[in-house]
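Presented below is the structure to which this report refers.
No hydrogens, no waters, no symmetry mates; every other heavy atom, side chains included, goes into these values. Every chain is numbered from 1, with letters handed out A, B, ... down the list of sequences. Model, not experiment: these values are computed from the prediction.
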Amino acid sequence: MTTGIPVSTILMITGFGLTLTGLWGMLTHRNIMRIIISFVLMGTGFNIVMVASGYVTGATAPIIDTALGLGEAGARAIDPVPSALVVTAIVIGFSVTAVMLAFAIRLYAAKKTLSIDAFTESKW
Amino acid sequence: MIKRAFAVLAVALMALVFLGVIGDYVELQALRPLARHYVTEVPAQLGAPNVVTGILISWRGFDTLGEVAVLFMVAASIGLLLKKDSAGGAAAGGRDARPPAGEIVTTGAMVLLPLIFTFGAYVIVNGHLSAGGGFQGGAIVASGVMLMLVASPSATLNTALLGVIESAAGVLYVCLGVLGLVLASGFLDPRFLPKGQFGAFISAGAIPLISALLGVKVGAELSVIIDRFRS
């Protein structure tokens with residue numbers, strides 16, 4: 001099936017759409033859990049954009065096997081650098097999310113609510 | 001209402017930036033020089049068919065080590081953040097015993113757990129040959145641990161043992177890195193072991209070893225993080 005739009009452009013639009021959804025959710029929701037979910041959505045969107053930016057027209061995954069011979073690797077493989085970077089980004093995103101969730105648990109224990117309207121101490 | 005307007009403005013401005021990026025984006029027709037270098041040099045120099053694993057474990061190996069250190073710090077900081085909580089809960093009457101998991105969950109876990117752990121081990125040790133590697137396999141193993149904890153809520157995870165395993169894997173990882181420094185051309189250079197036959201299970205120098213240590217370390221760290229959230 002061909003749509004006329006390159007597949008990586010579609011992926012990029014999807015990724016940026018997810019990012020905008022996440023940003024909108026972070027700015028408008030008052031519940032800390034929802035803010036965290038929005039943050040994860042935003043990170044996922046950026047990861048998709050990064051992976052999409054490494055796509056080469058008509059190329060395949062950079063794994064040398066029967067589908068991609070040693071000789072044609074330079075011509076028919078996608079850019080492996082964004083993929084390698086995204087692995088890092090996913091791990092760091094996971095770490096940040098875990099710490100945020102731990103803070104959410106602590107905040108809930110302190111005020112028995114997850115609404116950020118209840119936490120006004122550091123608001124100016 | 002004014003806050004909502006600012007949110008709309010911020011999202012609209014970001015959308016403008018992103019539209020500019022998409023508008024200027026042209027799909028690559030050929031590899032960039034750096035990518036071409038990696039795609040040709042990873043199989044040639046390291047003997048690893050999976051280029052991404054080759055990059056992650058050798059050229060970006062130091063970075064991967066730092067990443068694992070970040071995971072370790074997260075496990076430690078979550079322990080610190082949630083520790084007082086559970087102690088206070090225990091003092092205030094203690095958390096009552098969790099209800100046991102349902103029949104379907106326990107039976108499903110019995111069937112699925114060996115499969116999940118085997119698959120995780122497969123993904124970890126096959127990282128240099130096909131899609132996979134230490135991080136991915138470690139995450140699969142940790143998901144199995146999570147299923148185990150869901151299926152038997154009263155079970156306790158031996159976090160002390162997991163901590164020892166994780167530290168040992170980390171120390172061995174650094175030792176392999178130093179071996180690379182001494183025997184080959186740099187820190188975490190996997191070429192101090194023979195390259196072996198291209199595409200064979202035991203090949204690509206020290207990459208499978210480093211990948212396995214990475215998998216053990218990530219699996220143990222994620223399991224500890226999951227267990228910390230449970231208490």
If you tally heavy-atom pairs under 4.5 Å between each of A:L27, A:T28, A:L85, A:D79 and chain B, the highest tally belongs to A:D79
query: Is there side-chain contact between A:F94 and B:L222, with at least one heavy-atom pair below 4.5 Å?
result: yes
Here the gap from A:L101 atom CG to B:L81 atom CG, rounded to the nearest 0.5 Å, amounts to 11.0 Å
Scored by heavy-atom pairs under 4.5 Å with chain B, the best of A:S53, A:S83, A:G15 is A:S53
Honestly, the part of A:V96 sitting under 4.5 Å from a heavy atom of chain B is neither
- request: Give a yes or no on whether B:F72 atom CZ has more than 12 heavy-atom contacts from other residues, nucleotides or ligands under 6.0 Å away.
  value: no
So, the part of B:A131 with a heavy atom under 4.5 Å from chain A: the answer is both
Those residues of residues 7-19 of chain B that come under 4.5 Å of chain A on a heavy-atom basis, listed by number, are B:A7, B:V8, B:A10, B:V11, B:M14, B:A15, B:F18
Closest heavy-atom pair, A:S95 versus B:V70, reported as atoms and distance to 0.1 Å, is OG-CG1, 3.9 Å
Highest number of heavy-atom pairs under 4.5 Å with chain B among A:V87, A:V81, A:V49 belongs to A:V87
Minimal heavy-atom distance between A:V99 and B:S77, with the atoms involved, is CG2-OG, 4.1 Å
Of all heavy-atom pairs linking B:L82 and A:A102, the shortest is CD2-O, 3.8 Å
Quiz prompt | B:Y25 side chain reached by A:S8 side chain, heavy atoms, under 4.5 Å | solution = yes
The reported gap from CZ in A:R106 to CD1 in B:I78 (rounded to nearest 0.5 angstrom) is 13.0 Å
Okay, A:I90 and chain B: the region with an atom under 4.5 Å from a heavy atom over there is neither
*Might you confirm whether atom CE of B:M148 has over 12 heavy atoms from other residues, nucleotides or ligands at distances under 6.0 Å?*
yes
Minimal heavy-atom distance between B:F229 and A:A98, with the atoms involved, is CZ-O, 3.2 Å
Worksheet entry | Close side-chain approach of A:T88 to B:R60, heavy-atom, < 4.5 Å | yes
Item to check | Greater than 12 external heavy atoms within 6.0 Å of B:F117's CZ | outcome: yes
